[in-house]
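Each chain gets a letter, A, B and so on, in the order the sequences are listed, and its residues count up from 1. These values consider heavy atoms only, across backbone and side chains, with no hydrogens, waters or symmetry-generated copies.
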Amino acid sequence: MGELLLTLASQGRLVLPAEQADEAIAALELTLSAVRARLRILHIWQHIPTQRVEEIPDELALDVVDALFADQLAPGRLELAVTEIPKYIEALRRARLAPPGADGRLRR
Amino acid sequence: MEQVRLVLQASDPISYAGLASFLSSCPTIELLPADDRARAQVLVFGCEQLTVDVVAMLRRSAVETGLPVVLVLREITESELLAAVECRVVAILPRAAVTGERLAHSVSAAAGGGGVMPTNLVGELLKHIERLQREVLAPNGLNASGLTPREVDVLRLMADGFDTGEIAGKLCYSERTVKNVIYGVTHRLRLRNRSHAVAYALRTGMI
């Protein structure tokens, strides 16, 4: 999907108004940020030698359990998302049309 | 008015005959014989569904001719939509809604669009991206705002003017947990302080 969007944008086939592109990019950046936060939690957990939830501070335990359980349900989904979402963002940036008159001409 | 030259293909003879009848009656369209593809500006393809064979045929056509495709079919799923777009499909018409006028409009838009995907197809792609985001976020207890339900609860109470101790009491968390939730949100969203976090969450409709 990411590669397809990049190809479409590079070929000039995917074009969308700046406002629409910015909205989609903002949502994707939020998603990417949330995904990275979850991956950081998983990464921290993987580097704890004992890997015992009861040894984690209370305030982190819930997040760790949530992240581990979600990863069990859909293994690898976060890793895939963290490589795919930046491609969507880049594709939408390339596909973004500047508003008419922003710099006197249409910009790609 | 200059005619748009097109070739027609269909997965079955009935679809071919029906579409040919629509297209022949339209004065702005010149229907070329199948072997005259080199002169065509648009390919119209009619089928029941986007099967593996249809995709293979469209992909071959995209490589050989690069013609924009107007696809007429019964129904299409979101994942099939991606395959169609990859094969230079620039317009999709549901069979049930096809009229000579609509077909002519799509053909002329395809010919004049320079290969640019029409707005509705771009909209479908954006919907697909949104769905993929939900599929990643939902199992992790997150939503499209990027906040967990716990973060939303804390931000809402902050917006209502409660301090850390009061929020902890209302949500049955320790004060330390509330502080960590606030730190997590401000750090992740690169916000300066609690007030900034509340203002940002309100402004963006997160809470």
Is the [atom1] atom of [X] crowded by more than 12 outside heavy atoms at less than 6.0 Å?
X: B:Arg192; atom1: CZ; result: no
X: A:Glu29; atom1: CD; result: yes
X: A:Lys87; atom1: NZ; result: yes
X: A:His43; atom1: NE2; result: no

- Sort out for me which of B:His128, B:His187, B:Glu130 touches chain A most, counting heavy-atom pairs under 4.5 Å. B:His128
Rounded to the nearest 0.5 Å, how far apart are [atom1] of [X] and [atom2] of [Y]?
X: B:Gln133; Y: A:Ile85; atom1: CD; atom2: CD1; result: 6.0 Å
X: B:Leu125; Y: A:Tyr88; atom1: CG; atom2: OH; result: 10.5 Å
X: B:Ile129; Y: A:Met1; atom1: CD1; atom2: CE; result: 4.5 Å

Considering only distance and modelled atom types, tabulate donor-acceptor pairs under 3.5 Å from the side chains of residues 159-168 of chain B, sequence neighbours left out.
from	atom 1	to	atom 2	distance (Å)
B:Asp163	OD1	B:Gly165	N	3.2
B:Asp163	OD1	B:Glu166	N	2.9
B:Thr164	OG1	B:Arg194	NH1	3.0
B:Thr164	OG1	B:Arg194	NH2	2.8
B:Glu166	OE1	B:Asp163	N	2.9

- Taking the side chain as C-beta and beyond, is there a heavy-atom pair between A:Leu16 and B:Leu126 under 4.5 Å? yes
- Item | Heavy-atom side-chain proximity of B:Glu86 to A:Glu3 below 4.5 angstrom | no
- Looking only at heavy atoms, what is the nearest atom pair of B:Glu135 and A:Arg77, with distance? O-NH1, 2.8 Å
- Minimum heavy-atom distance between A:Val15 and B:Val122, given as atom pair plus value: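 Answer, listing the atom of A:Val15 first, then B:Val122: O-CG2, 4.1 Å.
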Please flag which part of [X] lies under 4.5 Å from any non-hydrogen atom of chain A: side chain, backbone, both or neither.
X: B:Leu121; value: neither
X: B:Val178; value: neither
X: B:Leu82; value: both

- Query: Within the distance-only criterion (no hydrogens, no angle test), does the side chain of A:Arg38 pair as donor or acceptor with the backbone N or O of B:Leu137 below 3.5 angstrom?
  - Reply: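 No, the answer is negative, given that no donor and acceptor are paired below the 3.5 Å cut-off.
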- Message: Heavy-atom cut-off 4.5 Å, strictly under: side chain, backbone, both or neither for A:Leu80 against chain B?
- Response: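 For A:Leu80, neither part sits under 4.5 Å from chain B.
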